[in-house]
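Here is the structure we will look at, set down as structure tokens.
Just so it is clear, the structure is predicted and the values come from calculations on it, not from any experiment. For this chain, numbers begin at 1 and follow the sequence in order.
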Amino acid sequence: MKSAKHILPLLISLSFTLLAQAQSKVQWFKFSDIEKLQKKQQKPIFVDVYTNWCGPCKMLDANTFNDPRVAEYINKNFYPVKFNAEGNDTIHFQGQLYMNQNYDPTRAHSRNATHPFAGYFAVNGGLAYPTTAYLDPNFKHLTQPIQGYLTPQNIEPILKYFGTNAYKTKTWEDFLKDFKPEWQ
């Protein structure tokens with residue numbers, strides 16, 4: 001009995017630690033989920049455009065999206081979508097169907113055919129990975145997609161500009177004048 005008294009607090013502590021870790025992850029959705037969610041509550045959409053082979057994409061997952069502050073902010077203020085730009089998801093978007101007909105399952109973990117929907121996130125006609133995109137509830141771009149790796153400190157002002165809806169009343173430049181970073 002004495003050992004059970006000592007184990008119980010450890011189990012409780014472990015449970016709270018695991019719960020906190022689970023809550024500090026971004027809760028990703030698929031595009032097919034977003035229309036239903038927008039009917040319940042409208043939020044901007046955050047899109048992580050990645051590929052399986054991309055090193056900076058893996059760094060973004062490990063260092064930025066696993067940061068509890070980033071994950072909590074994204075989960076609270078956006079509908080986050082993770083989109084594999086070389087994957088084989090079927091996407092229904094604004095009345096059209098997008099399928100990667102050239103996808104090769106034998107190359108699932110290496111370079112593969114670009115999904116036709118990835119073009120929606122191109123910048124000046126070019127794709128780079130990772131790319132983050134910010135869309136309004138009607139799937140319209142709020143800004144040009146942002147290409148490249150972002151640290152928690154780099155992404156904080158961007159997330160807060162769109163997550164607080166400041167973009168509706170302030171220019172990016174005016175927002176930055178008053179912005180006080182919290183994620184040091």
Does atom CD (E35) have a neighbourhood of more than 12 heavy atoms from anything else shown, all under 6.0 Å?
no
Exceeds 12 heavy-atom contacts within 6.0 angstrom, atom CD of Q101
no
Rounded distance (nearest 0.5 Å) linking atom CG of N124 with atom CD of Q147:
8.0 Å
Considering only heavy atoms from C-beta outward, does the side chain of N84 approach that of Y50 to under 4.5 Å?
yes
Should R111 and E86 count as side-chain neighbours, where that means a heavy-atom distance under 4.5 Å?
yes
Of N154, I155, T132, N63, the one forming a side chain to side chain contact (heavy atoms under 4.5 Å, CB included) with Y149 is N63
Considering non-hydrogen atoms only, spot the tightest contact between P145 and T131 and give its length.
CB-CG2, 3.5 Å
Grouping I, L, V, M, F, W and Y whenever their side-chain heavy atoms are under 4.5 Å apart, do L176 and L150 come out in a common cluster?
yes
Minimal heavy-atom distance between T51 and C54, with the atoms involved, is OG1-CB, 3.1 Å
Could you give the side-chain donor-acceptor pairs of residues 156-164 under 3.5 Å, partners two or more places apart or in another chain?
from, atom 1, to, atom 2, distance (Å)
E156, OE1, E182, N, 3.3
E156, OE1, W183, N, 3.2
E156, OE2, K160, NZ, 2.8
E156, OE2, E182, N, 2.8
K160, NZ, E182, OE1, 3.1
Y161, OH, K170, O, 2.7
Y161, OH, W172, N, 3.2
T164, OG1, K160, O, 2.5
T164, OG1, A166, N, 3.4

Is there side-chain contact between P152 and R69, with heavy atoms separated by less than 4.5 Å?
yes
Could you walk me through whether F31 and V47 satisfy the side chain to side chain contact (heavy atoms under 4.5 Å, CB included) test, starting with their C-alpha distance in whole Å, then the side-chain angles of each, then the deciding distance to 0.1 Å, before giving a yes or no?
CA-CA 9 Å; F31 274 103; V47 184; 4.0 Å; yes
Would a hydrophobic clustering, with Ile, Leu, Val, Met, Phe, Trp and Tyr connected at side-chain separations under 4.5 Å, put V26 with I146?
yes
Salt bridge (Lys or Arg N to Asp or Glu O under 4.0 Å) with D61: which residues, sequence neighbours excluded?
K82
Centroid separation F65 to F46 less than 6.0 Å
yes
Can you find a heavy atom in the side chain of Q38 that is under 4.5 Å from one in the side chain of I45?
yes
Heavy atoms, side chains only, cut-off 4.5 Å: are V81 and D48 in contact?
no
I want to check something: taking the side chain as every heavy atom from C-beta on, are P80 and I74 in contact at a cut-off of under 4.5 Å?
yes
Do F83 and H115 have their ring centres less than 6.0 Å from each other?
yes
Would the distance check show the side chain of N112 and the main-chain N or O of D104 forming a donor-acceptor pair, the cut-off being under 3.5 Å?
yes
Show, in sequence, the C-alpha distance, side-chain angles and deciding distance for Y98 and Q96, and conclude whether the side chain to side chain contact (heavy atoms under 4.5 Å, CB included) test is met.
CA-CA 7 Å; Y98 295 86; Q96 291 191 327; 2.7 Å; yes
Quick one: NZ on K168 to CG on D136, what's the gap to the nearest 0.5 Å?
8.5 Å
Joint hydrophobic cluster, F29 plus I91, side-chain heavy atoms closer than 4.5 Å:
yes
Whether N138 side chain and K140 backbone form a donor-acceptor pair below 3.5 Å:
no
With K43 as the cation and F78 as the aromatic partner, state whether NZ or CZ is under 6.0 Å from the six-membered ring centre and within 45° of the axis.
no
State yes or no: do V49 and M59 share one hydrophobic cluster built from I, L, V, M, F, W and Y residues joined by side-chain heavy-atom distances below 4.5 Å, directly or via other members?
no
Taking the side chain from N75 and the backbone from K25, do they hold a donor-acceptor pair closer than 3.5 Å?
yes
Tightest non-hydrogen contact, residues L60 and P130, listed as CD2-CB, 3.8 Å
Are any side-chain N or O atoms of N52 and backbone N or O atoms of A108, one a donor and one an acceptor, separated by less than 3.5 Å?
yes
Can we call the ring centroids of Y120 and F139 under 6.0 Å apart?
no
Between K30 and D33, does any NZ, NE, NH1 or NH2 come within less than 4.0 Å of an OD or OE carboxylate oxygen?
no
Are F175 and Y167 near enough that their ring centres are under 6.0 Å apart?
no
Flag yes if F93 and Y134 sit in one hydrophobic cluster, no otherwise; membership is Ile, Leu, Val, Met, Phe, Trp, Tyr, and two members link when side-chain heavy atoms are under 4.5 Å apart.
no
Counting N and O atoms only, with roles assigned by atom type, does the side chain of N100 sit under 3.5 Å from a partner on the main chain of A113, one being a donor and the other an acceptor?
yes
